[in-house]
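One-based numbering, in listed order, for ligands and for the atoms of each.
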Amino acid sequence: MGAITAIAPLHLLYGGTFDPVHLGHLAVARAALAATAAARLDFVPAADPPHRAAPGASFAERVALLDAALASEAPPALGGWGLDLRESRRSGPSYTVDTLRDWRAQHGPSRPLGFLLGADAFLGLPGWRAWTALFDLAHLVVACRPGHALGPLHDAPAAVGLCASLRAATSGRWTDQPAALHAEPAGRVFIVDLPLQPENATAVRQTLAQGQTPQGLPAAVVARIAALGLYRDRPPA
Ligand code: ATP
C-alpha cells in the first residue's frame with residue numbers, strides 16, 4: 001500500500017435506496033472506510049430513486065431506519081459515519097450526478113471525494129444520467145457483491161462483465177492504491193475487496209411482507225420497522 005499523501009481528507013458518499021438499510025450496507029461502509037482510509041462516510045438515501053420501483057418506505061421512514069442502525073451499531077474502527085440528506089432538498093428523480101454536483105458546490109473542486117456503490121450498480125452505470133460526468137466529480141469506490149463478478153481485481157482490461165462503454169470510461173483510472181484517492185479530487189476507480197455480503201433489501205422486504213422476521217438486519221432496525229409498522233401488508237417492490 002502506498003503512503004497516504006492527502007491534499008485534504010478523503011470523504012465518501014454512499015448512495016442508495018436503503019429500503020431498508022441492512023447489515024450488508026453497513027459491512028460495505030466499514031470496509032470502504034478501512035480500505036480507503038477515508039476520514040468520513042455519509043450514507044445518502046435517495047429521495048426519489050430513478051430506474052426502479054417506488055420504495056416500500058418513505059424517505060423519512062428510511063432515514064429513521066438509518067438513524068436506528070447508526071445509533072445502535074458500533075462506530076467504524078477508522079473514520080466516522082453519518083447521514084447526508086441533501087437529496088431530500090431537490091424535487092424530481094434523485095440523480096447521482098446532481099447529488100455530486102451539489103456536494104461540489106458546497107465543498108469546492110479540490111477535496112477528494114469517493115462515491116461508494118456495489119458492483120451491481122457499478123456494472124449498470126451506463127444507464128445512469130450523465131454517467132461519464134461522475135468521473136469528474138468523484139472517485140468511484142466499488143464494493144464486491146455476490147453474483148456481480150468484477151475480477152480479476154485491479155486488472156481492468158480483463159475485468160469480467162464490463163460493457164465496452166464502461167471499459168472505455170474506466171480505462172487508465174483503476175488503482176489499488178488508497179493514496180491515489182487522497183492525492184486527487186476525483187477520477188479513479190478503486191475496488192473494495194470485502195467478504196461477500198449476502199443481504200439484499202428486496203429479500204428483506206419480501207420476508208417482512210410475509211409477516212416474518214428477516215435475517216441480516218440490525219436488531220434496532222427490526223425494532224424500528226415493527227414500531228413504524230413498515231413493509232407489512234404492502235406489495236413487496
Ligand atoms: P434493493 O434490493 O432494494 O434494490 P439493494 O440493497 O440492492 O436493495 P440499495 O439499498 O440501493 O440496493 O443499495 C445501496 C448500494 O449498496 C448500492 O450501490 C448497492 O449495489 C450496494 N449494496 C447493497 N447490498 C449490497 C451487498 N450485499 N453487497 C455489496 N453491495 C451492496
Heavy-atom nearest neighbour in the protein, as seen from atom 18 (O) of ligand 1, with distance rounded to 0.1 Å: Gly118 N, 2.9 Å
Residue part near ligand 1, for Val28, under 4.0 Å between non-hydrogen atoms: side chain
Check: Phe18 ring centroid to His25 ring centroid under 6.0 Å: yes
Identified side chain to side chain contact (heavy atoms under 4.5 Å, CB included) partner of Arg145 from the options Val28, Asn200, Leu196: Asn200
Test of proximity, Pro198 against ligand 1: N or O pairs below 3.5 Å: no
Short side-chain donor-acceptor distance under 3.5 Å, Thr17 and Arg62: no
Subset of ligand 1 atoms that lie under 4.0 Å from at least one heavy atom of Arg205: 3 (O)
Residues Gln106 and Arg86: side-chain donor-acceptor under 3.5 angstrom: yes
Taking atom 11 (O) of ligand 1 as the reference point, the nearest protein heavy atom with its distance: Thr17 N, 2.9 Å
Side-chain donor/acceptor of Ser88 to backbone N/O of Ala47, under 3.5 Å: no
Closest protein heavy atom to atom 8 (O) of ligand 1, given as residue, atom name and distance to 0.1 Å: Ala201 CB, 3.3 Å
Option nearest atom 28 (N) of ligand 1 (shortest heavy-atom distance, choices Arg62, Arg145, His22): Arg145
Contact with ligand 1 for Ala27, non-hydrogen, under 4.0 angstrom: no
Contact partition for Cys144 relative to ligand 1, non-hydrogen atoms under 4.0 Å: backbone
Distance-only polar pair, side chains of Tyr14 and Asp84, donor-acceptor under 3.5 Å: no
Atom pair CG (Leu113) and CG (Leu137), whose distance is rounded to the nearest 0.5 Å: 8.0 Å
Atoms in ligand 1 flagged as close to Gly16, the criterion being non-hydrogen separation under 4.0 Å: 11 (O), 14 (C)
Atoms of ligand 1, numbered as shown, that sit under 4.0 Å from any heavy atom of Leu117: 18 (O)
Heavy-atom gap Gly15 to ligand 1 smaller than 4.0 Å: yes
Passing candidate, side chain to side chain contact (heavy atoms under 4.5 Å, CB included) with Pro185, options Arg111, Arg104, His107: Arg104
Residue, atom name and distance, where the atom is the protein heavy atom closest to atom 20 (O) of ligand 1: Asp120 OD1, 2.5 Å
Atom 12 (O) of ligand 1: nearest protein contact (heavy atom, Å): His25 NE2, 4.3 Å
Test item, Tyr14 contacting ligand 1 (heavy atom, 4.0 angstrom): yes
Close N or O approach (Phe18, ligand 1; < 3.5 Å): yes
Geometric N/O contact Thr202 with ligand 1, under 3.5 angstrom: yes
No-hydrogen, no-angle side-chain donor-acceptor test under 3.5 Å, Thr202 and Arg205: yes
Sub-4.5 Å side-chain heavy-atom contact between Phe115 and Leu100: yes
Modelled atom types, side-chain donor and acceptor of Trp103 and Thr99, under 3.5 Å: no
Nearest-neighbour protein heavy atom for atom 4 (O) of ligand 1, which is reported as residue plus atom name and distance: Arg52 NH1, 3.3 Å
